[in-house]
Chemist: 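Just dropping this structure here.
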Amino acid sequence: MSGSFGSSLYLAEWTKETEEIRAEIHRSSPHTGPIVDDDGFHDEKKSALVDEDTPLVGKVKKAYGGLNATLLTTVTVVTVGSSFQFGYGTGVMNNSKDFIMDYFHNHGKDYTLMGWGTTVSCYGIGGLLGSVIGPKVIGKCCGRRATLLFNNLFLVISSLLIAFAPLWWWQAIGRIFVGITAGVATAVVPTYFSEISPVEVRGAIGTMHQLGITIGILVSQLLSTPSLNLMGSEERWRWLFFVPVLCGAVELIVLPFCPESPSYLYITKGQDEAREAIVKLQSENVADEYLGYIREEITAEAIGHNDMTVIELFRDKTLRKQLIVGVTVQLMMQFSGIDAVFYYSTSVFKQAAVADPELATTCLGIINVIVTIFAVKFMDKAGRKVLLVYSWIGMMCSYTLLTTSFVLKPYVGFMDQLSVVATTGVIIFFAFGPGCIAWFIIAEIFPLYARDTAMVIGIFINWIANWFVAFTFPILLEYTQPFTFLVFVGTTTYFLHFTLRYVPETKGLTISQVTKEFDSIKLWMC
């Protein structure tokens, strides 16, 4: 939670600075504002006459594309109440196996390793269900905000089933509901953040979702680490599963007072409701311009379309490049090997003679959170593509070092320490690039009428890949040591090539501008 507090302070300082700039601008030029035509569209020709490098224009862009208190509150509440749940659900079972199984055995109840494996893996089944239920069932009827609020029902059910399970299979069913909660969050939160954010800070806001996930993983590891004497014991393990309920309660209390997605309101309730939401989330000065972007996206780009189905999206040649890139970026997250690194990190620390390997793995979670906070700051400065490129280079080098340390360990004395450094490097470079960008890239490259469907496809494939890596890595580890991580040297090298050739830069671009970027990209199958 400290990471979330730190990032919120950073965003709050940004908001305060923005308000000061606004005041300064209005003192010197009270009529300063976005250049729009009579229909409310952004006027490219008039804007082109303004020197983008002048200090005044720079201040205007920052002041009217920044954050206000409503947007800051909305993002923070959703990060804590939804994104956090995904990370917490991912990490809470990692350190809990021994004391939960011991509790059942000491109370005369059966809990086998097969049962535990089934319980843990049910999380992925729920994630697949949630990734479809969120945007295509609940979201279609209720909108983004109501979907996230309704999602807390699955959360409460999961906590009760796991904490008060009389038999092990009750926990397995509870894990399915945890997975549904996470699946809904991963499919809805990135889209909601993208649609409520000013274009200039869209990447930073999108990165808050990943920050919430990393904080959730870290908090679950801290609370369940036995040596820290918090909740990681036979007597206190039930409390582990009520922590998410507290975070969900915050969302239930605060989120109803936050605005719905302007894009959703434009479609369901009309222009006036959408404009009101934009004013609350951004400012009066930018409302007409942003409303123009939404109108252009719906009327100009979506002529003849009405909320695409999965089959329609696969058949649509005009969006095929976006679909290939969006799905590939989702696969990048999983096949980068990050889950394998977390799986193997405790063993790496044991080989390096670390006194408390579980605590050392928890420290990796702290590093992950800290790096993600920095990623929030740099996402809209460096750009998505630049961060991806440097992340793949860094991960490729880290995996090479990790493999080298395993191969040379029998012959060189300091290889255990090198393996620790390499493992840390993988996590740092992942957090700066694919760990953040994969979640919101689909929302940035697809028009509104295809966005939910594309998100369903991307997140569904992400969950499938997540299961595949978790299932196959132990087998790979068994038969390919000490060359196991060479596989990920190969995958990160290919992802570097794919990013350089096919992934456009989306920083600060509207959907129409991103579409033009894709027009210049040549994919052999499109």
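We count residues from 1, following the sequence as given.
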Chemist: When rounded to the nearest 0.5 angstrom, what distance separates CG in Leu402 from CE in Met395?
Modeler: 11.0 Å

Chemist: Taking all atoms of both residues into account, what is the closest heavy-atom pair of Arg175 and Gly89, and its distance?
Modeler: NH1-O, 2.9 Å

Chemist: With heavy-atom distances below 4.5 Å as the criterion, would you say the side chains of Ser82 and Val188 are in contact?
Modeler: no

Chemist: Please give me the minimum heavy-atom distance between Ile205 and Ser197, naming the atom from each residue.
Modeler: CG2-OG, 3.1 Å

Chemist: Pair Glu200, Asp380 - check side-chain contact (heavy atoms from CB on, under 4.5 Å), show working.
Modeler: CA-CA 7 Å; Glu200 291 81 3; Asp380 287 303; over 6 Å; no

Chemist: Quick one: list whatever passes ring pair (Phe, Tyr, Trp, His ring centres under 6.0 Å) with Tyr502, sequence neighbours left out.
Modeler: Phe498

Chemist: Within a strict 4.5 Å, meaning less than it, do heavy atoms of the Lys97 and Trp116 side chains meet?
Modeler: yes

Chemist: Mind checking what makes side chain to side chain contact (heavy atoms under 4.5 Å, CB included) contact with Leu228, not counting sequence neighbours?
Modeler: Leu222, Thr225, Leu230, Leu359

Chemist: Would you please test Thr403 and Phe406 for side-chain contact (heavy atoms from CB on, under 4.5 Å) and show each step?
Modeler: CA-CA 5 Å; Thr403 302; Phe406 290 161; 5.8 Å; no

Chemist: Please list, chain by chain and in numerical order, all residues satisfying ring pair (Phe, Tyr, Trp, His ring centres under 6.0 Å) with Trp463, sequence neighbours excluded.
Modeler: Phe86, Tyr123

Chemist: A side-chain contact here means heavy atoms from C-beta on lying under 4.5 Å apart; do Trp237 and Ser96 qualify?
Modeler: no

Chemist: State whether the side chain of Gln334 and the backbone N or O of Leu331 hold a donor-acceptor pair below 3.5 Å, judged by distance alone.
Modeler: no

Chemist: If we only count heavy atoms from C-beta on, is the Val80 to Glu251 side-chain gap below 4.5 Å?
Modeler: no

Chemist: The criterion is ring pair (Phe, Tyr, Trp, His ring centres under 6.0 Å); which residues satisfy it with Phe242, sequence neighbours excluded?
Modeler: Phe164

Chemist: Quick one: does any side-chain atom of Thr147 pair with a main-chain N or O of Gly139 as donor and acceptor, under 3.5 Å?
Modeler: yes

Chemist: Between Thr79 and Ser83, is there a side-chain donor-acceptor contact under 3.5 Å, judged purely by atom types and distance?
Modeler: no

Chemist: Can you sort out the partners of Lys136 under salt bridge (charged side-chain N to carboxylate O under 4.0 Å, His left out), two or more places apart, ordered by chain and number?
Modeler: Asp307

Chemist: Is a donor on one side and an acceptor on the other found under 3.5 Å between the side chain of Thr186 and the backbone of Gly183?
Modeler: yes

Chemist: What side-chain donor-acceptor pairs closer than 3.5 Å can you find for residues 431-440, not counting sequence neighbours?
Modeler:
unit_1 : atom_1 : unit_2 : atom_2 : d
Trp439 : NE1    : Gln210 : OE1    : 2.8
Trp439 : NE1    : Gly435 : O      : 3.3

Chemist: Quick one: are Ser261 and Arg145 in side-chain contact, heavy atoms under 4.5 Å?
Modeler: no

Chemist: Can you tell me which residue pairs pass the ring pair (Phe, Tyr, Trp, His ring centres under 6.0 Å) test with a partner in residues 379-404, sequence neighbours excluded?
Modeler: Trp392-Phe495, Tyr399-Phe485, Tyr399-Phe488

Chemist: Could you tell me whether the side chain of Leu364 reaches within less than 4.5 Å of the side chain of Ile367, counting heavy atoms only?
Modeler: yes

Chemist: How long is the gap from OG on Ser419 to CG on Leu408, to the nearest 0.5 Å?
Modeler: 12.0 Å

Chemist: Quick one: does any side-chain atom of Arg320 pair with a main-chain N or O of Phe314 as donor and acceptor, under 3.5 Å?
Modeler: yes

Chemist: Below 4.5 Å, heavy atoms only, C-beta onward: do Thr74 and Ile196 meet side chain to side chain?
Modeler: yes

Chemist: If the condition is side chain to side chain contact (heavy atoms under 4.5 Å, CB included), which residues does Ser398 pass it with, not counting sequence neighbours?
Modeler: Val426, Phe429

Chemist: Without swapping roles, check the side chain of Ser391 against the backbone of Phe430 for a donor-acceptor pair under 3.5 Å.
Modeler: no

Chemist: Once side chain to side chain contact (heavy atoms under 4.5 Å, CB included) is applied, do any residues pair with Val421, and if so which ones, sequence neighbours excluded?
Modeler: none

Chemist: Give, for atom CD1 of Ile138 and atom CG of Asn151, the distance between the pair rounded to the nearest 0.5 Å.
Modeler: 6.5 Å

Chemist: Has Lys507 got a side-chain atom pairing as donor or acceptor with Gly203's backbone, closer than 3.5 angstrom?
Modeler: no

Chemist: Could you report the tightest heavy-atom contact between Thr191 and Ala443, atom names first, then the distance?
Modeler: CA-CB, 4.1 Å

Chemist: For Tyr88, enumerate each residue passing the ring pair (Phe, Tyr, Trp, His ring centres under 6.0 Å) test, keeping only those at least two apart in sequence or located in another chain.
Modeler: Phe84

Chemist: For the backbone of Phe241 and the side chain of Ser159, can you confirm whether one donor and one acceptor N or O come within less than 3.5 Å of each other?
Modeler: yes

Chemist: Counting N and O atoms only, with roles assigned by atom type, does the side chain of Ser233 sit under 3.5 Å from a partner on the main chain of Asn229, one being a donor and the other an acceptor?
Modeler: no

Chemist: Over all heavy atoms of both residues, which pair between Ala187 and Ser131 is shortest? Give the atoms and the distance, please.
Modeler: CB-O, 3.8 Å

Chemist: Minimum heavy-atom separation for Ala450 to Leu313, with atom names?
Modeler: CB-CD1, 4.3 Å

Chemist: Please determine whether side-chain contact (heavy atoms from CB on, under 4.5 Å) holds for the pair Thr499 and Lys385, giving the CA-CA distance in whole Å, both sets of side-chain angles, and the decisive distance to 0.1 Å.
Modeler: CA-CA 7 Å; Thr499 301; Lys385 185 169 185 173; 4.2 Å; yes

Chemist: Taking atom CD1 of Ile125 and atom OG1 of Thr118, what is their separation to the nearest 0.5 Å?
Modeler: 9.0 Å

Chemist: Measuring from atom CG of Leu486 to atom OG1 of Thr400, what distance do you get when rounded to the nearest 0.5 angstrom?
Modeler: 7.5 Å

Chemist: Kindly state each residue pair satisfying salt bridge (Lys or Arg N to Asp or Glu O under 4.0 Å) with at least one member in residues 432-452, sequence neighbours excluded.
Modeler: Arg144-Asp452, Glu195-Arg451, Arg202-Glu444, Glu297-Arg451, Arg384-Glu444

Chemist: Mind checking whether Leu218 and Asn368 have side chains closer than 4.5 Å, heavy atoms only?
Modeler: no

Chemist: What's the separation between atom OG1 in Thr515 and atom NZ in Lys321, rounded to the nearest 0.5 Å?
Modeler: 11.0 Å

Chemist: Just do the side-chain contact (heavy atoms from CB on, under 4.5 Å) check on Val250 and Leu246 with the steps written out, would you?
Modeler: CA-CA 7 Å; Val250 172; Leu246 293 177; over 6 Å; no

Chemist: Shortest non-hydrogen contact from His209 to Pro190?
Modeler: CD2-CG, 3.8 Å

Chemist: Is the backbone of Ile162 close enough, under 3.5 Å, to the side chain of Gln171 for a donor and an acceptor to pair up by distance?
Modeler: yes

Chemist: Which residue pairs satisfy the salt bridge (Lys or Arg N to Asp or Glu O under 4.0 Å) criterion with at least one member in residues 390-406, sequence neighbours excluded?
Modeler: none

